[in-house]
S.K.: 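Below is the structure I would like to discuss, written out as structure tokens.
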Amino acid sequence: MSGGLSKESTKEQQSAGLNTLTEQEKQNMHHLNQQYKQKFGFPFVICARENKKEAILTGLENRLKNSGETEAVTGVEEVKKICRLRLLDIVDSSSKL
Ligand SMILES: NC(=O)N[C@H]1NC(=O)NC1=O
């Protein structure tokens, strides 16, 4: 774990390029994440492996405009995508044993 993130989350975020954010992008992402949490009462979730950092920033901006109902459904759908890819990794790694 680094900075409270699991090993899986860290890898997923790296695959989207979130480890290469400029200082400006970092501040923007931090600010938007705070606004999101403030508006909906739960954190922004997106399947990082299916997006690049630009799409994540745009997605965050756009999803902030949604209703709480829409975001609750969208957030759960994103968690499902993350779980699916993690399960596939487990199946793939155990098939190599
Ligand atoms: N906040 C958030 O979306 N986190 C995640 N997304 C992803 O692909 N892995 C995560 O841990």
Side-chain angles (χ1 to χ4, degrees):
M1 288 248 234
S2 67
L5 283 182
S6 68
K7 174 167 104 296
E8 290 80 6
S9 291
T10 303
K11 266 175 66 184
E12 288 157 2
Q13 300 200 3
Q14 281 174 357
S15 81
L18 290 177
N19 55 329
T20 68
L21 291 177
T22 62
E23 203 46 47
Q24 177 75 55
E25 287 171 326
K26 231 185 261 182
Q27 280 181 22
N28 195 16
M29 177 94 58
H30 179 69
H31 180 64
L32 291 167
N33 268 309
Q34 274 185 330
Q35 277 183 275
Y36 185 97
K37 181 89 192 290
Q38 169 93 28
K39 176 170 177 181
F40 299 114
F42 49 84
F44 173 71
V45 179
I46 190 161
C47 180
R49 281 202 264 179
E50 292 186 354
N51 293 280
K52 288 287 164 220
K53 66 177 182 179
E54 293 77 11
I56 293 176
L57 269 167
T58 313
L60 187 42
E61 267 167 12
N62 287 333
R63 282 174 51 190
L64 254 174
K65 299 174 199 150
N66 288 340
S67 68
E69 288 83 356
T70 299
E71 269 316 296
V73 173
T74 306
V76 170
E77 288 307 316
E78 292 298 313
V79 170
K80 287 195 216 167
K81 290 182 203 169
I82 295 165
C83 290
R84 180 177 170 277
L85 292 175
R86 288 189 187 183
L87 283 170
L88 286 172
D89 281 346
I90 293 169
V91 172
D92 186 47
S93 61
S94 61
S95 76
K96 287 181 193 133
L97 293 178

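For ligands, and for the atoms within them, numbers begin at 1 and follow the listed sequence.
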S.K.: Apply salt bridge (Lys or Arg N to Asp or Glu O under 4.0 Å) to Lys80 and list each qualifying residue two or more places apart in sequence or on a separate chain.
M.R.: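 Testing Lys80 for salt bridge (Lys or Arg N to Asp or Glu O under 4.0 Å), a comparison that skips the adjacent residues, returns Glu77.
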S.K.: Under a 4.5 Å cut-off applied to non-hydrogen side-chain atoms, are Glu78 and Phe44 in contact?
M.R.: no
S.K.: Is there a side-chain contact between Gln35 and Leu60 (heavy atoms, below 4.5 Å)?
M.R.: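 Side chain of Gln35 against side chain of Leu60, heavy atoms only: no contact under 4.5 Å found.
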S.K.: First locate atom CZ of Arg49, then atom NZ of Lys81, and finally report the distance between them rounded to the nearest 0.5 Å.
M.R.: 13.0 Å
S.K.: Does a side-chain N-to-carboxylate-O contact under 4.0 Å join Asp89 and Lys11?
M.R.: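 Lys11 and Asp89: not salt-bridged.
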S.K.: Need the list: ligand 1 N/O atoms against protein N/O atoms, distance under 3.5 Å, rounded to one decimal.
M.R.:
unit_1	atom_1	unit_2	atom_2	d
ligand 1	1 (N)	Phe44	O	3.0
ligand 1	3 (O)	Ile46	N	2.8
ligand 1	3 (O)	Ile46	O	3.2
ligand 1	6 (N)	Ile46	O	2.7
ligand 1	8 (O)	Ile46	O	3.3
ligand 1	8 (O)	Ala48	N	2.7
ligand 1	9 (N)	Glu12	OE1	2.5
ligand 1	11 (O)	Ser9	OG	2.6

S.K.: If you look at every heavy atom in Glu12 and Ile82, which pair is closest and at what distance?
M.R.: OE1-CG2, 4.0 Å
